[in-house]
2 protein chains.
Amino acid sequence: MNLSKTSKYAFRILSHMAKDEKALYSAQQLHKEIDVPEKYLRRLLTDLSKHGFIKSIQGRQGGFTFNRDINQITLLEIVDAIDGLDSINECILGYESCAFSHSCPMHNIWEETKQKTIKTLTDTTLSDIHKSIVGVN
Amino acid sequence: MNLSKTSKYAFRILSHMAKDEKALYSAQQLHKEIDVPEKYLRRLLTDLSKHGFIKSIQGRQGGFTFNRDINQITLLEIVDAIDGLDSINECILGYESCAFSHSCPMHNIWEETKQKTIKTLTDTTLSDIHKSIVGVN
DNA sequence: TTTAAATGCTACTTGTTTATAGTATTTAAC
DNA sequence: GTTAAATACTATAAACAAGTAGCATTTAAA
């Protein structure tokens with residue numbers, strides 16, 4: 001699997017926001033709290049709004065807040081929105097069609113690990129993250 | 001984890017060569033058999049030689065052959081040589097220091113999956129791949 | 001109604017990775 | 001020795017991802 005830096009930023013944003021699900025966060029505030037370049041963060045926030053994870057409130061006193069219940073938002077959905085599912089499903093040798101009929105030499109070796117990754121991304125919601133936090137950040 | 005296209009190419013090369021461990025492969029031949037751009041493949045072969053996985057034989061009738069026993073070469077070593085171990089160990093939020101003392105919000109959630117990935121890469125050798133092949137390619 | 005504080009949009013810049021071009025070097029066959 | 005078939009090296013190009021700049025728009029407060 002290949003998680004882009006942008007997806008990692010998206011995880012930072014949403015997992016941070018999940019700490020206080022109902023709060024309204026401004027881009028500036030988020031920029032201070034998580035470490036993402038401000039302009040890039042703004043773009044990404046707009047993007048996450050367009051994907052329906054959060055919604056934006058414009059104008060003074062505006063910001064971003066969740067648009068969906070955080071226990072309905074899985075990590076897989078987030079990766080899908082940013083990188084696309086191919087980044088997850090792609091064969092470890094990078095072959096286009098590594099279907100069962102002509103699987104690549106490493107298909108069997110890697111399959112279990114890949115499924116474990118997919119399962120974790122599918123089963124984990126933003127509220128799970130919130131619950132799992134023991135330490136800091 | 002973040003596997004570069006180049007690492008995937010390296011996997012293609014070495015897993016393919018592992019099918020006939022003692023054979024000598026020319027770049028041209030490999031280019032035809034696996035799907036990697038020829039010039040890039042050549043560079044990568046030289047790189048893999050420098051890392052000691054294979055050795056090059058120059059001149060006419062030259063090519064590449066394994067320099068080490070294929071049951072001693074793990075996938076992790078290959079990724080390490082190309083992308084570096086950071087690409088594997090990196091925190092899922094991309095934070096520089098996600099050590100135990102101040103682990104990121106997703107640390108606990110992701111840790112098991114990450115360890116599974118590392119274990120597979122560590123435990124799998126090129127000869128395991130050869131053995132595991134059931135289908136085609 | 002003006003101002004300030006927020007998001008929205010689009011074009012551009014920078015950095016990194018992937019890919020190519022061209023030439024030099026090595027060595028076996030003839 | 002000359003040639004042909006291979007690898008080695010280095011510089012450059014192309015493609016992609018990440019980051020920035022600047023102005024437009026929205027809206028609440030003063």
Side-chain angles (χ1 to χ4, degrees), chain A residues 2-13 17 23-67 79 81-84 86-87 90 93-96, chain B residues 2-13 17 23-67 79 81-84 86-87 90 93-96:
Chain A
N2 227 322
L3 204 64
S4 70
K5 201 167 183 177
T6 307
S7 276
K8 286 174 183 156
Y9 285 166
F11 281 161
R12 287 192 198 183
I13 294 168
M17 288 178 67
L24 187 71
Y25 297 86
S26 74
Q28 199 170 68
Q29 175 188 3
L30 284 170
H31 167 61
K32 282 174 191 151
E33 290 165 347
I34 62 184
D35 185 33
V36 179
E38 187 166 354
K39 277 287 189 179
Y40 202 65
L41 171 66
R42 287 178 183 283
R43 251 179 38 178
L44 188 46
L45 283 165
T46 303
D47 200 32
L48 292 171
S49 299
K50 286 185 176 159
H51 276 99
F53 299 116
I54 55 180
K55 64 186 168 205
S56 70
I57 292 162
Q58 284 194 318
R60 194 170 179 161
Q61 303 288 76
F64 299 87
T65 189
F66 279 107
N67 187 43
V79 180
I82 307 293
D83 293 337
D86 286 353
S87 67
E90 191 187 35
L93 298 190
Y95 283 119
E96 282 296 312
Chain B
N2 227 323
L3 204 63
S4 71
K5 200 167 184 178
T6 307
S7 276
K8 285 173 182 156
Y9 285 166
F11 281 161
R12 287 192 199 183
I13 294 168
M17 289 178 67
L24 187 71
Y25 297 85
S26 74
Q28 201 170 65
Q29 176 188 3
L30 284 170
H31 167 61
K32 282 173 192 154
E33 290 165 348
I34 63 184
D35 186 33
V36 179
E38 187 167 353
K39 278 288 190 180
Y40 201 66
L41 170 67
R42 287 178 183 281
R43 252 181 35 179
L44 187 47
L45 283 165
T46 303
D47 201 33
L48 292 171
S49 299
K50 286 184 177 158
H51 277 98
F53 298 116
I54 55 181
K55 64 186 168 205
S56 70
I57 293 164
Q58 283 193 318
R60 195 167 178 165
Q61 303 287 77
F64 299 87
T65 189
F66 279 106
N67 187 43
V79 179
I82 308 292
D83 293 337
D86 286 353
S87 67
E90 191 187 35
L93 297 190
Y95 283 120
E96 282 296 311

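Note on naming: letters A, B, ... go to the chains in the order of the sequence lines (proteins, then strands), and numbering restarts at 1 for each one. In this text, all values refer to a predicted model and were calculated from it rather than measured experimentally.
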*asked:* How would you summarise protein contacts on nucleotides 23-30 of chain D per nucleotide, using B for base, S for sugar-phosphate only and - for none, with heavy-atom distances below 4.0 Å?
replied: ---BBB--

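- Taking every side-chain heavy atom of Phe64(B) into account, dA8(D) is the closest of dT20(C), dT7(C), dA8(D).
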*Stepwise side chain to side chain donor-acceptor pair (under 3.5 Å) check, Thr6(A) with Tyr40(A)*: CA-CA 9 Å; Thr6(A) 307; Tyr40(A) 202 65; 2.8 Å; yes

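- Atom pair Arg42(A):CZ and dT10(C):P shows a separation of 17 Å (rounding to whole Å applied).
- Phe64(A) is not listed as a side-chain neighbour of Leu48(A), based on a closest heavy-atom distance of 4.5 Å or more.
- Using a 4.5 Å heavy-atom cutoff, the side chains of Val79(B) and Ser87(B) are in contact.
- Side-chain atoms of Asp35(B) and Arg12(B), non-hydrogen and from C-beta on, do get closer than 4.5 Å to each other.
- Taking CG of Leu41(B) as the reference point, atom CD1 of Ile13(B) lies at 5.0 Å (rounded to 0.5 Å).
- Counting heavy atoms from C-beta outward, Ile82(A) and Ser4(A) have side chains that approach closer than 4.5 Å.
- If you take CG of Leu44(A) and C1' of dC9(C), they are 15 Å apart, rounded to a whole angstrom.
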If you restrict it to nitrogen or oxygen atoms, what contacts under 3.5 Å exist between nucleotides 11-14 of chain D and the protein, and what is each distance?
| unit_1 | atom_1 | unit_2 | atom_2 | d |
| --- | --- | --- | --- | --- |
| dA11(D) | N6 | Arg43(B) | NH1 | 3.4 |

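- Contact between the side-chain N/O atoms of Thr46(B) and the OP1/OP2 oxygens of dA8(D) is found at a separation under 4.0 Å.
- Distances shown here put every side-chain N or O of Tyr9(A) at or beyond 4.0 Å from the OP1 or OP2 atom of dA18(D).
- The separation between Tyr25(B) atom OH and dA6(D) atom C1' is 17 Å, rounded to whole Å.
- His31(B) contributes no side-chain N or O that, together with a main-chain N or O of Pro37(B), makes up a donor-acceptor pair within less than 3.5 Å.
- Distance check, rounded to the nearest 0.5 Å: CD of Glu33(B) to OG of Ser26(B) gives 8.0 Å.
- Taking atom OH on Tyr40(A) and atom P on dA17(D), their separation rounds to 9 Å, with Å as the unit.
- The shortest non-hydrogen separation linking Gln61(B) to Leu24(B) is O-CD2, 3.4 Å.
- Taking atom CD on Glu38(A) and atom P on dA18(D), their separation rounds to 19 Å, with Å as the unit.
- Atom CG in Leu41(B) sits roughly 15 Å away from atom P in dA21(C) (whole-Å rounding).
- Between the CG atom of Asp47(B) and the P atom of dT7(D) there is a distance of 15 Å, given to the nearest Å.
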*Ile34(B) vs Phe11(B), side-chain contact (heavy atoms from CB on, under 4.5 Å): CA-CA, chis, key distance, verdict*: CA-CA 10 Å; Ile34(B) 63 184; Phe11(B) 281 161; over 6 Å; no

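- Across all strands shown, Thr6(A) has heavy atoms under 4.0 Å from sugar-phosphate atoms exclusively, and none from any base.
- Within the 4.0 angstrom heavy-atom criterion, only backbone atoms of the sugar-phosphate kind lie near Ser4(B); the bases stay farther away.
- The phosphate of dG8(C) has OP1 or OP2 within less than 4.0 Å of a side-chain N or O from Ser56(A).
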*asked:* Could you go through Met17(B) and Leu30(B), starting from their C-alpha distance and side-chain angles, then the distance that decides it, and tell me whether this counts as side-chain contact (heavy atoms from CB on, under 4.5 Å)?
replied: CA-CA 9 Å; Met17(B) 289 178 67; Leu30(B) 284 170; 4.1 Å; yes

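- The phosphate of dA6(C) (OP1 or OP2) has a side-chain N or O of Gln28(A) nearer than 4.0 angstrom.
- A sub-4.0 Å separation between OP1 or OP2 of dA19(C) and a side-chain N or O of Lys5(B) is present.
- Contacts of Leu45(A) with the nucleic acid, taken as non-hydrogen atoms under 4.0 Å apart, are absent.
- Rounded to 10°, the helix from dT1(C)-dA30(D) to dC30(C)-dG1(D) has 10° between the axis fitted to its first five pairs and the one fitted to its last five.
- Distance NE2 (His31(A)) to P (dT20(D)): 9 Å, rounded to an integer number of Å.
- By the 4.5 Å heavy-atom criterion applied to side chains, Arg43(B) and Lys39(B) are not counted as neighbours.
- The heavy-atom pair separating Lys55(B) from Ser49(B) by the smallest distance is C-OG, 4.2 Å.
- For Lys50(B), no side-chain nitrogen or oxygen approaches OP1 or OP2 of dA8(D) to under 4.0 Å.
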